[in-house]
Amino acid sequence: ARDGSAALPTFTFQGDTDTGMFWNSGNNLGFSTGGTERLTIDSNGNSLFSAAGTAANPSMSLIGDNDTGAFRSAANELAFSTSGTQRAVIDSNGDFGIGETAPSSRLSVVGTAAEALGDVASFTNLNTAAGNTNTVLELRSGADAGGACTAGGGNTNCSRYIQFFE
């Protein structure tokens with residue numbers, strides 16, 4: 001059998017000669033649709049997707065729900081979308097954001113003004129060294145995403161503020 005290519009796969013369907021399966025390099029198997037490689041299974045059994053996808057059209061989605069799934073939002077990032085809108089991301093630092101695209105801490109959850117939540121949780125610099133006063137858990141309501149709350153209500157933009165230290 002010939003090796004084939006994405007444009008002309010080795011194994012095709014009658015009347016659809018640019019869709020099928022082919023050998024694309026040493027011990028790697030390629031799959032194409034419309035003459036474009038969509039998936040590679042490498043010699044280790046890893047599945048490699050050729051498309052990064054978008055929030056509106058994630059590269060990994062469910063049949064019948066094409067705007068919900070997982071996609072690569074940037075290099076070394078994995079994002080998740082529902083109804084064509086990005087809802088969560090794991091960035092290249094391992095930070096996980098819900099409701100935002102650029103988390104700045106291990107877990108960052110951001111609501112909207114309509115939800116009356118503001119920043120819901122922020123875990124920062126978790127370090128157990130003696131004498132450390134870094135914030136371990138911060139819960140606040142009423143501050144804008146960039147606003148800061150201070151203990152004792154020093155910032156009038158915060159209606160509620162609880163902070164736990166190490």
Side-chain angles (χ1 to χ4, degrees), residues 1-128 134-141 143-146:
R2 62 187 173 87
D3 294 341
S5 66
L8 293 169
T10 306
F11 301 99
T12 63
F13 300 90
Q14 186 175 350
D16 191 2
T17 59
D18 62 356
T19 296
M21 184 174 61
F22 64 98
W23 177 83
N24 64 0
S25 65
N27 296 321
N28 293 334
L29 185 60
F31 294 85
S32 65
T33 60
T36 301
E37 184 175 355
R38 307 295 182 180
L39 171 68
T40 296
I41 299 176
D42 71 12
S43 60
N44 295 316
N46 297 316
S47 299
L48 310 170
F49 296 89
S50 61
T54 63
N57 189 23
S59 55
M60 293 176 272
S61 62
L62 305 171
I63 293 174
D65 195 2
N66 294 342
D67 63 356
T68 296
F71 64 99
R72 187 183 74 175
S73 54
N76 299 311
E77 287 189 1
L78 179 62
F80 304 91
S81 65
T82 61
S83 300
T85 301
Q86 182 173 326
R87 306 297 182 175
V89 64
I90 302 171
D91 72 10
S92 60
N93 296 317
D95 295 342
F96 184 65
I98 299 172
E100 67 174 313
T101 59
S104 59
S105 56
R106 286 288 171 236
L107 174 62
S108 183
V109 182
V110 175
T112 65
E115 295 169 332
L117 293 175
D119 285 346
V120 175
S122 178
F123 297 84
T124 333
N125 300 325
L126 295 176
N127 183 347
T128 58
N134 289 325
T135 301
V136 174
L137 175 62
E138 179 177 282
L139 304 173
R140 55 183 161 158
S141 174
D144 59 32

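Residue numbers count from 1 along this sequence.
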Enumerate the residue pairs fulfilling side chain to side chain donor-acceptor pair (under 3.5 Å) with a member in residues 53-66, sequence neighbours excluded, ordered by first and then second residue.
D65-T68

Apply side chain to side chain contact (heavy atoms under 4.5 Å, CB included) to residues S108 and D95 and explain how you reach the verdict.
CA-CA 8 Å; S108 183; D95 295 342; over 6 Å; no

How long is the straight-line distance from CD1 of I98 back to CZ of F80, given to the nearest 0.5 Å?
10.5 Å

Using the rule side chain to side chain contact (heavy atoms under 4.5 Å, CB included), only one of L78, D91, V89, I90 pairs with F96; which is it?
I90

Just by distance, do the side chain of N28 and the backbone of S43 share a donor-acceptor pair under 3.5 Å?
yes

Any heavy-atom pair between the side chains of R38 and F31 that's under 4.5 Å?
no

For a quick test of reading the model, state the closest non-hydrogen atom pair linking P58 to S81 and the distance between them.
CG-OG, 3.8 Å

CG of N44 to CD1 of I41: how many Å apart, nearest 0.5 Å?
12.5 Å

Nearest heavy atoms of A55 and Q86, plus distance in Å
CB-N, 3.6 Å

Looking only at side-chain N and O atoms, does T82 offer a donor or acceptor that is under 3.5 Å from a partner on R87?
yes

Do T10 and M21 have side-chain heavy atoms sitting under 4.5 Å apart?
no

Side-chain (T19) to main-chain (T33) donor-acceptor, under 3.5 angstrom
no

Which atom of L48 lies closest to which atom of D42, heavy atoms considered:
CD1-OD2, 4.2 Å

Locate the shortest heavy-atom distance separating T17 from T12; write the atom from each residue and the value.
O-CG2, 3.4 Å

If I take atom OG from residue S83 and atom CG from residue D67, how far apart are they, to the nearest 0.5 angstrom?
5.5 Å

Between L8 and D18, is a side chain to side chain contact (heavy atoms under 4.5 Å, CB included) present by the stated rule, with each step listed?
CA-CA 5 Å; L8 293 169; D18 62 356; 5.8 Å; no

For the student: nearest non-hydrogen atoms of S32 and F22, plus distance
CB-CE2, 4.0 Å

